[in-house]
Every structure is written in C-alpha cells, then in structure tokens.
4 protein chains.
Amino acid sequence: MLKLPLESVESCHLDSALLNMGDFLGHGLAGSFYVILGLWWYIKIIFMYVCKKQAQTCYHRSEAFFQRAEILEGTICLVMVLTGGTGLLTYSGSTEMTLRKEGQWIQLKRFQHLTIYLFFGLWAVTNILCFTIKSIPISLTKLMLTNAFSAGAFILYTHPHSPQVVDILLHELLCLAIFLAGLVSFIEVLIKENIMLALLRSSFTILHGSWFCQLAFVLYPPTGVLAWDLNDHINSVFFTICFCWHYAFIYVIMGVVYVAVTWFVKWRIRKPYPSEVVLLKNAEREEESEEEM
Amino acid sequence: MLKLPLESVESCHLDSALLNMGDFLGHGLAGSFYVILGLWWYIKIIFMYVCKKQAQTCYHRSEAFFQRAEILEGTICLVMVLTGGTGLLTYSGSTEMTLRKEGQWIQLKRFQHLTIYLFFGLWAVTNILCFTIKSIPISLTKLMLTNAFSAGAFILYTHPHSPQVVDILLHELLCLAIFLAGLVSFIEVLIKENIMLALLRSSFTILHGSWFCQLAFVLYPPTGVLAWDLNDHINSVFFTICFCWHYAFIYVIMGVVYVAVTWFVKWRIRKPYPSEVVLLKNAEREEESEEEM
Amino acid sequence: MLKLPLESVESCHLDSALLNMGDFLGHGLAGSFYVILGLWWYIKIIFMYVCKKQAQTCYHRSEAFFQRAEILEGTICLVMVLTGGTGLLTYSGSTEMTLRKEGQWIQLKRFQHLTIYLFFGLWAVTNILCFTIKSIPISLTKLMLTNAFSAGAFILYTHPHSPQVVDILLHELLCLAIFLAGLVSFIEVLIKENIMLALLRSSFTILHGSWFCQLAFVLYPPTGVLAWDLNDHINSVFFTICFCWHYAFIYVIMGVVYVAVTWFVKWRIRKPYPSEVVLLKNAEREEESEEEM
Amino acid sequence: MLKLPLESVESCHLDSALLNMGDFLGHGLAGSFYVILGLWWYIKIIFMYVCKKQAQTCYHRSEAFFQRAEILEGTICLVMVLTGGTGLLTYSGSTEMTLRKEGQWIQLKRFQHLTIYLFFGLWAVTNILCFTIKSIPISLTKLMLTNAFSAGAFILYTHPHSPQVVDILLHELLCLAIFLAGLVSFIEVLIKENIMLALLRSSFTILHGSWFCQLAFVLYPPTGVLAWDLNDHINSVFFTICFCWHYAFIYVIMGVVYVAVTWFVKWRIRKPYPSEVVLLKNAEREEESEEEM
C-alpha cells in the first residue's frame, strides 16, 4: 500500500567485521526470541487442549497454573525487552539517547529496533495487568499483540535496506511472516478460544524467528565473508523455496511436540485417576468440546 | 488498487506565508477535531464498560444518559461540520460556490475538503435520527461512519500533492490511519458491541488526528519557514518511527484515562450503595459480561 | 494483484460518430439496469424491514408475495440479459458469432460484455431455481451474485482501454464500485439476513450504475464532441470528487425512499388493524427484531 | 505485496521438443489432479447435503461411510503425491537429489514443484490422522489445506518465468485461482460446515486444474509448435475472457452433477422407505437444516 523509496539509504551500512558480528548476534538473538515465544505458545495451547480432552478435573486444577504461566510469560518478556533495549542503546559504545547530531540523523536503525521493543514491552505490561486485574478483558492482550506484530511489520517494511535483490527479498519474507502473525492475532481478537488460530499464530511467530536466524546467517555471516551473491536473481528463487521449507519443517516439529505433550499428559493423569473413569468422561464430552481450548 | 498520477499537479501550491498560516490552522483544527472525537468515544466506551462492571443498576440508570450523549454528539458534530464548511467556503475571501472559472478548475482542494465535511455531516444527521427515531437500526450510524472514514481515505489518496518524498509519506500515513479507522468501523457493522473494536476505532481516530497536527507542523509550520528538507529520504525514515511513537503514546494515554474513569466511577458509586453489595454483584456477573459494552 | 499491460490496445477504438452514439446507448442502458436493480433491491429490503417492524401478521401474509417477487426479479433479469446479449451480438450489423477472422481478433470487447451478461444470466437462473425448488439453499443466489459482480470487476479490470488519464480513472472507479458490491455479496453469503449488508450492496450497485451513466456522458457524449480534455490530470481530480458526490447523493435518495416506504406501509396497515394493537405489538417486539430483515 | 524481479531468469527455459512434451504431460497431469480433486470434493459435499435433506436415517447410516471416504481420499492423495514426487525427481534422467553443481543452481524449478508436493503430502497425512485419531480436531485438515494452497500460490507467484506477456498472464491467473482456493479454505477454518464455502472451494480447485490444462496446451503444446504469439497483448485479453468462461462452465457442470446426485439418492432411498414418510420428515426438517452439510 505504501512504498518508501529508500533504495538510496546505504550510508547506514558499515561493512566492518566487528559490526557484522554484532549484527549477526542481534538478528540471531531476535530470531531465537521469536522461535522460543512461538514454541512456548504452541506448547501452552497443546497442553490446555490435551488437558481439557483428557479430564475436566485436571483442567480445572490447572487453570490457576495457566494464569500464573501467563503472568510469568509477561514478566519474562518485559525483562527480555528491557534487557534488549538497554543492550541496544549501550551497544557499540554510544550511550547517548540522541537521534540527531550536527544536523545529521544517527542511529535511525537502532531507534527503529527500539520502537519494536517498545510495542512488545507494551504487550508484556498488558499481559501482566490483564491476568492480575480481573476487570480488564483478556482479549486486550491479543489486541496489543496485534499492535506489536503490526508495528514490527510496518518497521520492517520501511526499513532502509541495501538495493541488493536477495537482501530485499529476505526482508520482504520476514515482513510477510510477521504481518501474517499480526493478521491472525487480529482475527483472534474477534474469534476467541479458537485453537486453529492460536496454532497458526504460533507457527507464523516461529517462522518469523527462524527466518530471522536464516537472514542473520546469509546477510551477516559470523565468518565475516558473504557466501552468497546478493545480486543474483537465481539465489532469490532458492530462498523462496527455502522459506516454504522452513514453514513445512515447523509443522513437522509441531506434530512431534503434539505427540510428546499428549504422551506426557496421559502419563501424568494415569496416576491419580483410574483410566476407566477418564475414558468414560472423554466419551461423553468429545463432541461438544472439540474445537475449544 | 487505484493510483492517480497526480505528481504534476503542483500549481495548486502557493507558498505565500499568509496561505501557509491558513493551511496550518486548517490542518491543525481538523486534527484537533479527530483527536477530541476519538478521545470522547474512548471515554464513552470506558464509562459504559466500567459502569456495567461496577453495578447493573448504575448502568440502567445511565442508559438514558448515554442515549442523550449520543444525540448531543451528533448535534455538536453537525454544528462543527456546518461551521467548518462555511468557514472553508468563505475563507481566503472567495465566497463564490464555483468550481470552474474561465475554463480552469479553481478551489478543487477546497471542494475535496468540503466532500469530507459532507460525509461527516451525513453521519452526524444519521446519529441524531438513529437515537431519536426507534425504528432505525443503530448500526446504521456505524455504516455511515464507515462511509465517512472511507470517503476521507479516498479523498486523501487522490489528493493532489507535491512530489516531495516526505510530503507524500506524511499523507500516505494519514491515509493509512483513516483507512484503518474505516475498516474497523465496517467490522463493527458486522460484529456489534465488541469493546476491542470500539477501542481500536477510537485509537485510529486519535492517531489520524494527532498525525494531522504533526503534518501541519512539518509541512505548514506557523513560523513560515520549513524546518525539514522534504526531499531527503532519511527524514522519511524518521517519520515512520515517529508515526509508531504517536500510536504507542496514544495507548499510554488511553491506559491513564482508563485508570481515571475507573477511579471516578468507583468514587461516585461508593456513595449510594454499600460496597459489599456491589462486590457481591460483581462476583456473580464477572464471567458472562466480560467482553460486552 | 494482476496488472495487464494493455496500454497499446488502442486499435479497438473507432471514433466515428455512429459508434459513439452506440457506445453511449450501450453504457447508458447498462448503467440504468444497475441503478434500477439496486433501487429495486433497496425498496424490497426496506419493505420487508418495515413490514416486520409494523406487524408480524402483515409480514407473514406478505412472505409468499416476497417469494413471488424474487422469482419475478430473476425472470425479468433473465429476459433483460437475453435481450441485451442478442442486441449486443446483432448490433452494428455483424451477426457472426466469431472471435477470429483472417488471423486477427475481432469483437473482443463485445465478447467481454457478453461474458458479464453470461454471469448475470447464471445468477438470474439460480434466483428462479432457488425460489421454486425448496431443496436448494437460498444463499446460493448470493454466491452467484458474488460471481457475477466479481466477473464484472475482473472484466473491467482487464478491459483494453485508451491510455488517456481520465478514461483510465473513470474505468478504475467503475471497477472499484462493482468490486465492492461483489465483496459485500460475498460477506452476505457468510452473514445472512443482515440489513446493513443488503443496504450496502444496493448502494454500491446503484453507484456502479450511476457511474456507468456518468462515464457514458463523459467518454461517449451523445453530441459526439468530447467536452473534457481526457489527458488533463486536474480533470481526474474533479472526477474523484464527483464519485464521492454520487455516493453521498445515493444515500440522500435512500433516506427519502425509506421515509416514503414507511409512510406507505403505515397507511396500508392502519386500515385492517386498530392502531393501538399495532403499537402494542411493536413495543413488545422492538428489541429482538432490530437488525434482521 | 511482494514482487520478485525474476524477468532475467530465462536460462531455465530449454526449448527442445522432448522437454516440451515432458512439460505438457507434467502440467496436464497436475491440472487433471486438481480437476479430479475438486470434482470429488463437490460430489462428496452434494452427496452429504442431499442425504441429509432426504432422510436423517440415511445420513446417520452413511456417516461411517463418509469417514472412510475421507481416509481413502487422504491415502490416494498421499500415494499420488509420492508417485508424482518420485516421478519428478527421476524424470529427464537426473536422479541426483542436489540443488547446486559446480557453483550453479540446477533443477530449481523442479524443487519448487517438489515443495508444492511436500505441502499436499502434509495435508494428506493430516487428513488420514484426523479421521483415524479422534482427539485431533477435524478443522486441522482445512488449515493444512490452506497451507498447501497458499504455498502453491506463493511458489507460482515467485516462479521464474519468461518475460512474454501471455506467459506471465496465464501464470498470474493460475496463481489467482489457487490463492482464492486457499483464502476460502482459511475462511472454512473459521466458519465450519458451510456448504457455500465448500462449494466455492471446489469450484476454485477445479478452475485451478482446468486452467493448468489450458496453460499446458498454450505454452507447451504437444505438437511442439506454439499456436499463439506470446508477446501479443491482444491475445492476453482473449485469455482473460477464456478464464471467465472456464469458471462459468464449471458452474454449469456443477449444476448438472447436482441434478444427477439428487436423482441418484432419491432412487436409492425410495426402495427401503415408503416415500410418504420421507416427505413427511422433510416437511418437518426443511427449515432448520437448510444451510448445513
């Protein structure tokens, strides 16, 4: 919809090996954060779903546990965002909180990253507040998540980048993944407690994270030597295939996690309850509770 | 979808200091109108939500009050639109209601603004009628609001503008904010009484207004001297960050307003009712009325 | 999404006065068809809504009447489509049903129009079948309508047109109106019996029709002399304003029609029933039946 | 949203007659697969709908049958995908599973096709698992179908193609059909058991398949001689009309299939039940079960 002609903004790229190493770490850490966040969401969803399926009592007992998990999630994210933000500000020796020096913009890219941190921080604070104060509706967390993802997609879309074909493609795919995650979050604001949407949101979040890591390895290799010709169109075709493989692989991993969680819950439940009662209970409930978490 | 090649329409821009002052006031007033409208909506939503949460009786008593508030809202908007429209027509000395003079278009931009006023006027009239005549469905007001916002986005999208990079970007972001407000209004036509959508609509409306003010200060500074190089790409990157900050700041403000309104309602309610009854009532109702206004 | 580079296809335009007259009539008739269709839908919707509001008995009595009206609508549309299609094939003296002659495409534009007729014909047939055979779900008519509108938008989008700025803009706006009508029809497939969507669908259909007439007057004036410079960007700005005015005017007309229909239904109902009973009935029912047709 | 500048990737096209024959078969087989899949879905939907309408008992008896049909569908798709994938890998004599040789990309297009097979394979596996293991929600199959269609659309969108106008258009229309099929599948994840969406999904799948065959005949004719000038804009206009005709023809075929299935079910049911009871049952149930499968 909105196209920024930023092709000429190349002066920001400094190609020293030191900065490259920093960029690799920065992108890799951000990617790992998204992968862990997405996986955590997925495990949480599956746990709640399997718990509910296996035995209602187990679910009621664990409701307080899930609420505490949400508050913990918010707190950890807040700590990570604060650490990341402080790290970003102090990294590379310059601690001054200024955007302009001698009539020139400095650290614009850094402030773009800080803006994403800011939105994730707002989400984390909302998460903590929603699960501690009862009068705030819970879907506010989904709304703030939509804002965080959308702001991320917007910032990535307007990121100044080099005019190299592969660089542009990798960032566009990154932007696509986070935009889709934001879109699914927004649908979750409207349609609550739908396990498919929650699953889709975590898969897009993991995809965003794993693609962040891929981007770090391709554009800012830790060896300091680019392995790819970033101007070759044929390389960009390969990366579109690679993006699909990432996505397919995430679903395979999610299947494995599902089997593991199901096995774990069954193993835990078998002890307190005789299995016959559980099976009886399941048979009654399996129709109506199919798609809700 | 539809791209007007209007880059060459620059002759409309007259750079005299007097016109600049007028443009600053015009954009600033429009921006303030949207900010106040959005804030008013937000306070109304929060008031209704908190009232309902605190005590049903309080809510029923205030239902007639809210209806009268809606009619007042429509009336004030209608008066503002009529004043603004008249002001726009008589401003700069030319009172003639003509679009063409001597085979040339004059005042095209003014008539574009008048069109936006026209749609907001239609919305205000609908608002008054819907809350006075019972047989008209209330969601018609949301439909007219969608039309008003969409017409605003359409007019902004096809606005003749200078070919300067920053000018284009600022207008595109303005258009994005009002388009999103219109989209949320449309979803509200389909999904009624959803507090998250109402909140999102008011946040986008405030964003549209505050960005209008930002644009007034950047493009038509009251001092008459442009502080920004409008052709510099690096400035446009800064403004994308700035847009996100506006949005984040709006949510911070909204959080503060929420706390203030909650405190105010609690303080008003504590007097007529003993607090135990209120608490008892809350405990019963807190599940089912969670997400409705 | 899909952009056809059809700028060079100008050889189809023959500028003789005779053809111009034919084009004016063709576009004008198509426009009138859409305006009448949209108005008919709107009156039907309002009639059903007001009937239901006024008295349940009146509504039940008129249910069979509305079903017969639907079949009549389908039949009239089918007759119009068949007449229009035959007229299009025989018009300008060439009755041959061929697309290619001597290795060259002939009559491509005519076959594009025939395709739109084909889809509206399919819709008309579905309308007749759905209201005569009970086992076919009624929302199939909305699906076929979505197809008809979407095919219309697709054909208009890929229409070969002259490279003149105003010509392109007028066709794009035409395409926008019919695309929105199709989108609303699709939402109606999912959300049934929503009066706001039905109202929006008829307003976009009327807009499409009235813009068709506007286009006929601008591009193929009956006088044979173009009154507008089609290459002037400033003219295209005027037409975007004009498009908004068409839309606003349609809502004013719809308001007038609403008042007329309400008055008419009240006048008809007052006779068989004593008004007190009617009022009593209304008071009971006004809450639950608010937004349904 | 994302535009790959792949115009220069032409070296992949080898114009020998042998390869052309292979390409014709490959595209034709893929097209036939989609046509058969879409038709199978359509017949299944109509069967379930008509069964439910005709007699509830008939439907309950056939529920187990439909479940077994789903598992069969998954198994056949899995076998076809595995056969197709193996065929693709071994075809043209090169069995090596490598993407890079001597620093150059080889077989990129083949790996793109393999990726589509991979996603359809994941969908087939999910289909088998969902209908054998009861604890997995059934709408997961729709989600995996959305992924398969979206991955197909993404791969087609980023496919390296020749810069010829007609070639680009044919691929864009192919991409449009599969994108719409994916979009409808996604809406089916959210809105379950809606016959209109299922019908739309099968129609877009058949359209995708039949357009695949059209593309095979136009771009890789079995005679080895291109019948069309792929650089002529006027040809691309014809193909947009042709695309609409494909779509209209699919609806005509679907109408014929509907009549055939209705007749078949009535003929089968008339034997065990006396027709009077069936008619009585219909009369009771025709209101509430209208739109559900």
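The figures that follow rest on heavy atoms only: side chains count, while hydrogens, waters and symmetry mates do not. Per chain, numbering begins at 1; letters A, B, ... match sequence-line order.
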>> Are the side chains of Leu200(C) and Leu143(B) in contact, using a 4.5 Å heavy-atom criterion?
In response: yes
> When rounded to the nearest 0.5 angstrom, what distance separates CD1 in Ile187(C) from CZ in Phe186(B)?
Replying inline: 4.0 Å
> Under a 4.5 Å cut-off applied to non-hydrogen side-chain atoms, are Thr240(C) and Tyr157(B) in contact?
Replying inline: no
>> For a 4.5 angstrom cut-off between non-hydrogen side-chain atoms, does Leu140(B) reach Ile195(C)?
In response: no
> Which heavy-atom pair separates Tyr49(C) from Pro137(B) by the least distance, and what is that distance?
Replying inline: OH-CD, 3.1 Å
> Would you call Phe154(B) and Leu173(C) a side-chain contact if the rule is heavy atoms closer than 4.5 Å?
Replying inline: yes
> For residues 141-154 of chain B, which residue pairs qualify under side-chain hydrogen bond (donor to acceptor under 3.5 Å, both in side chains), counting only residues two or more places apart or in two chains?
Replying inline: Asn147(B)-Tyr247(C), Asn147(B)-Tyr251(C)
> Just how far is it from atom CD1 of Ile241(C) to atom CD1 of Ile155(B), taken to the nearest 0.5 Å?
Replying inline: 6.0 Å
> Does the ring centre of Phe238(C) sit less than 6.0 Å away from the ring centre of Phe111(B)?
Replying inline: no
>> side-chain contact (heavy atoms from CB on, under 4.5 Å), that's the test. Do His159(B) and Val237(C) meet it? Break it down for me.
In response: CA-CA 7 Å; His159(B) 214 53; Val237(C) 178; over 6 Å; no
> Which pairs count as salt bridge (charged side-chain N to carboxylate O under 4.0 Å, His left out) when at least one residue sits in residues 199-211 of chain C, sequence neighbours excluded?
Replying inline: Glu188(C)-Arg201(C)
> Can you name the nearest heavy-atom pair linking Cys244(C) to Phe119(B), along with the distance?
Replying inline: O-CZ, 3.4 Å
> Is atom CZ of Phe217(C) surrounded by more than 12 heavy atoms (other residues, nucleotides or ligands) closer than 6.0 Å?
Replying inline: no
> When heavy-atom pairs shorter than 4.5 Å are enumerated against chain C, which of Leu190(B), Leu129(B), Thr126(B) gives the highest number?
Replying inline: Leu190(B)
>> Distance check, rounded to the nearest 0.5 Å: Ile136(B) atom CD1 versus Tyr258(C) atom OH?
In response: 5.0 Å
